[in-house]
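One structure below.
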Number of protein chains: 2
Amino acid sequence: MQVGMRSDTNPTLADKLAAAIADGILNGKLPPGERLDEVGLAEQHGVSRTPVREALRQLAMSGLIDMRPRKGAIVSKATPEEIESLFVAMAEMEATCARLAAMSMTPIERRRLQARHEAMMALAAAGETEAYSDANVAFHSAIYAGAHNAPLAEYAMNLRRRVGPFRRAQFRMDGRLLRSNQEHDAVVRAIVSGDAAGAHAAMIHHVSLVEDAFEAFAAINAA
Amino acid sequence: MQVGMRSDTNPTLADKLAAAIADGILNGKLPPGERLDEVGLAEQHGVSRTPVREALRQLAMSGLIDMRPRKGAIVSKATPEEIESLFVAMAEMEATCARLAAMSMTPIERRRLQARHEAMMALAAAGETEAYSDANVAFHSAIYAGAHNAPLAEYAMNLRRRVGPFRRAQFRMDGRLLRSNQEHDAVVRAIVSGDAAGAHAAMIHHVSLVEDAFEAFAAINAA
DNA sequence: TAGGATGAAATTGCATACAATTACGCCCGG
DNA sequence: CCGGGCGTAATTGTATGCAATTTCATCCTA
C-alpha cells in the first residue's frame with residue numbers, strides 16, 4: 001500500500017506511470033540526478049504529457065524525485081548529509097514500528113514473524129543473497145504491519161523506498177547476511193517477548209549497521 | 001516547508017492551489033467528507049482544471065484528501081479508529097523529534113526553545129487562547145527543526161496537518177492551556193538537559209493528552 | 001581568448017477539447 | 001408503493017494546442 005495512492009480498482013494512467021517510473025528509479029535504470037523529460041516519458045509509455053505530469057507530481061510528494069517550477073524533474077539526488085538524514089529517519093521510523101509492534105502484535109503475528117525470521121536463517125546460511133533480500137523486505141514490512149498503525153507503516157515504507165537508490169548492493173558485503181540475521185534475531189526476540197524498549201533499541205542498532213554498510217560502500221566507490 | 005513541495009521561487013498555479021485548498025481544509029471551510037469538484041474549484045479560483053488536478057494529486061499524497069479513480073476527490077474522512085491511528089502516529093513522530101532534539105540541538109537552539117516556552121507561560125496564564133495556539137505550533141515546529149532531520153520534520157508537520165481537521169477547538173476546554181504549558185515544561189526541561197529518553201516520554205505524554213481532549217470533544221459532540 | 005549579449009530551439013505551464021465512465025432521475029413493471 | 005432497467009447529464013480521465021520561460025549555441029566585443 002502506498003501513501004495516498006488512489007485505490008486501485010481501476011488505476012489511472014498516472015498511477016501506473018508513477019509505479020513504472022518508481023520502479024525504474026528503484027531498479028537503478030533511472031539513477032539519482034537523471035533528468036525526467038516529460039515528452040520523453042510520454043512517448044516512451046505511449047501516452048500524453050498530462051498523466052506523466054500527474055505521475056511526476058505524485059513522485060515528487062513521495063520524495064523520490066525533485067521538481068522545480070519551469071526547471072523540470074530529476075531523480076532525487078541527495079548530498080551525503082541528506083542521505084545520512086534519510087538513514088537516520090528510516091532507523092527511527094523502523095524502530096518506532098518495532099516498538100509499537102512489540103506492544104500490539106497479536107500472538108499469531110508474533111509467531112509468524114518468528115517463523116519468517118527462522119526461514120531467513122536458512123537463506124542466510126546458504127548465502128542466497130537475492131532470496132534473502134526479498135525476504136528481508138517482507139520481514140520489515142511485517143513489522144510495519146505489526147505496529148497496527150497505517151500512517152506510520154506508510155511513512156516507514158516510503159522512507160525505505162527513498163533510501164533505496166542510495167543503498168544498492170548493501171548485501172554484497174562479506175558476512176553481511178549472517179550479521180543481518182543475527183540482528184534480526186535480537187529484534188524478533190524483543191518483539192515476541194513484548195519488550196518495547198528492547199525492540200526499539202535492537203531495530204535502531206540493526207538499521208544503523210545497514211547504514212554503516214552504506215557508508216563503507218560509498219567510501220569504496222569514492223576511492 | 002512541505003514534503004516534496006516544489007521549491008518556491010516561482011510557485012506554479014498547482015502549488016498555490018494546493019496551499020489554498022489545504023488552507024480551506026484546515027480552516028474548516030472544507031470539512032471532512034466534502035466533495036472536491038474539479039470544475040467547481042477551477043472556476044472558483046479562475047483557472048482551468050489542469051492545475052487543479054495536479055494540486056489534488058499533491059494533496060492526496062499528503063493524505064489530506066482521498067481520491068478514487070473516476071470517483072472524484074473528497075476531504076479525508078476517517079473512522080474513529082483511523083483518527084486514533086493518526087494521533088498515535090503524530091505522538092510517535094513528535095516524540096521521536098523530541099528525542100533527537102534532546103540529542104542534537106545546539107546550545108542556542110535550547111536557549112531559544114526555553115525562551116519560547118517561557119513566553120507561552122504568560123499567554124497561558126492570561127488565557128489568550130488564539131495567541132497560545134499560534135505559539136504552540138511554532139513551539140512544536142522548533143522541536144521538529146531541532147531534530148536536525150528534514151525528512152522526520154516534514155513527516156511530523158504533515159501529520160500535524162492531517163490531524164488538524166479532527167482536533168478543532170481542542171484548547172477550548174477549561175484549564176487546557178495551563179495543563180498544556182505544564183506538559184511543555186517537562187518536554188523543555190528534558191530537551192534542554194539532553195535527556196533523550198525523558199524528552200521522548202514527556203512528548204508522548206503531552207500529545208497523548210491532547211488526544212484525550214479530542215476523544216472527550218468527540219464524545220460530547222456525539223451526545 | 002574570455003566573457004557576455006542574443007536569438008532560436010527545447011521544455012515546462014496552462015487552457016481547451018474530446019472520450020469514457022459514473023451518477024442520477026425517470027419510467028416501467030411488479 | 002417499491003425495485004430495477006434505461007438514458008441523459010454530470011464528472012473524471014486523457015489528449016492536444018498554445019503561451020511563456022528557460023536553455024543552449026552562436027556571435028560579437030573587449
Side-chain angles (χ1 to χ4, degrees), chain A residues 2 4-22 24-25 30-77, chain B residues 2 4-22 24-25 30-77:
Chain A
Q2 184 60 19
M5 188 180 288
R6 310 165 90 179
S7 71
D8 35 21
T9 53
N10 227 10
T12 66
L13 268 185
D15 290 327
K16 290 191 263 188
L17 284 171
I21 296 169
I25 295 174
L30 298 172
E34 179 94 348
R35 190 138 198 297
L36 296 170
D37 180 49
E38 294 180 359
V39 301
L41 289 170
E43 289 174 357
Q44 181 177 338
H45 291 84
V47 300
S48 81
R49 277 176 52 218
T50 309
V52 171
R53 282 178 62 82
E54 295 187 6
L56 290 182
R57 237 164 223 286
Q58 245 175 275
L59 294 170
M61 289 301 287
S62 83
L64 220 53
I65 73 174
D66 283 341
M67 292 181 84
R68 290 189 322 181
R70 308 246 166 220
K71 295 277 190 72
I74 62 168
V75 178
S76 282
K77 181 174 61 176
Chain B
Q2 182 62 17
M5 186 181 288
R6 310 166 90 179
S7 69
D8 34 20
T9 52
N10 227 8
T12 65
L13 269 185
D15 290 328
K16 290 191 264 189
L17 284 170
I21 297 169
I25 294 174
L30 297 172
E34 179 94 349
R35 192 144 199 301
L36 297 170
D37 181 49
E38 294 180 0
V39 300
L41 290 169
E43 288 174 358
Q44 180 177 339
H45 291 84
V47 298
S48 81
R49 277 178 53 220
T50 308
V52 171
R53 283 178 62 82
E54 295 187 5
L56 291 181
R57 242 170 217 284
Q58 249 177 267
L59 294 169
M61 287 302 286
S62 83
L64 220 54
I65 73 173
D66 283 340
M67 293 181 82
R68 289 188 325 179
R70 309 245 167 220
K71 297 277 189 71
I74 64 168
V75 179
S76 283
K77 182 174 60 177

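Proteins come first, then strands; the chains are lettered A, B, ... in the order of their sequence lines, and each starts at number 1.
- Counting only heavy atoms from C-beta on, B:Asn10 has its side chain closest to D:dT22 among C:dC14, C:dG13, D:dT22.
- Atom CZ of B:Arg68 is separated from atom P of D:dT11 by 16 Å (rounded to the nearest Å).
- In this structure, B:Ser76 OG and B:Ile25 CD1 are separated by 7.5 Å, a value rounded to the nearest 0.5 Å.
- For B:Asp37, the listed nucleotide lying nearest its side chain is D:dT11; candidates were D:dT11, D:dG13, D:dT23.
- Taking 3.5 Å as the limit, the base of C:dT12 and the side chain of B:Thr12 contain no donor-acceptor pair of atoms between them.
- Between A:Arg53 and C:dG13, a side-chain N or O to OP1/OP2 separation shorter than 4.0 Å is present.
- The backbone N or O of B:Pro69 sits nowhere less than 3.5 Å from a side-chain atom of A:Thr12 that would complete a donor-acceptor pair.
- The distance from the CZ atom of B:Arg53 to the CG atom of B:Leu17 is 13.5 Å, given to the nearest 0.5 Å.
- The interatomic distance linking B:Glu43 (CD) with C:dA15 (C1') rounds to 14 Å, in whole Å.
- Between B:Asp66 atom CG and D:dT12 atom C1' the separation is 17 Å, expressed in whole Å.
- As rounded to whole Å, 15 Å separates atom P of C:dT22 from atom CD of B:Glu38.
- If you measure from atom NE2 of B:His45 to atom C1' of C:dC14, you get 16 Å, rounded to the nearest angstrom.
- Comparing A:Lys71 and A:Gly46 by the nucleotide of DNA chain D that holds the closest heavy atom to each, the one mapping nearer the 5' end is A:Gly46.
- For the pair A:Asp15 CG and D:dG13 P, the interatomic distance rounds to 9 Å; values are reported in whole Å.
- Here CD1 of A:Ile21 is found 5.0 Å from CG of A:Leu56. Values are rounded to the nearest 0.5 Å.
- For A:Ser48, taking side-chain heavy atoms from C-beta onward, the closest of the listed nucleotides D:dT12, D:dT21, D:dT14 is D:dT14.
- For the pair B:Arg49 and B:Leu13, nearest-nucleotide mapping onto DNA chain C gives the more 5' position to B:Leu13.
- Here D:dT14 presents its C1' atom at 17 Å from CZ of A:Arg57, a figure rounded to the nearest Å.
- One atom, CZ of B:Arg70, and another, C1' of C:dA23, lie 14 Å apart when rounded to the nearest Å.
- Nearest-nucleotide positions on DNA chain D place B:Arg35 closer to the 5' end than the other of A:Thr50 and B:Arg35.
- Atoms CG and CG, on B:Leu36 and B:Leu64 in that order, are 9.5 Å from each other to the nearest 0.5 Å.
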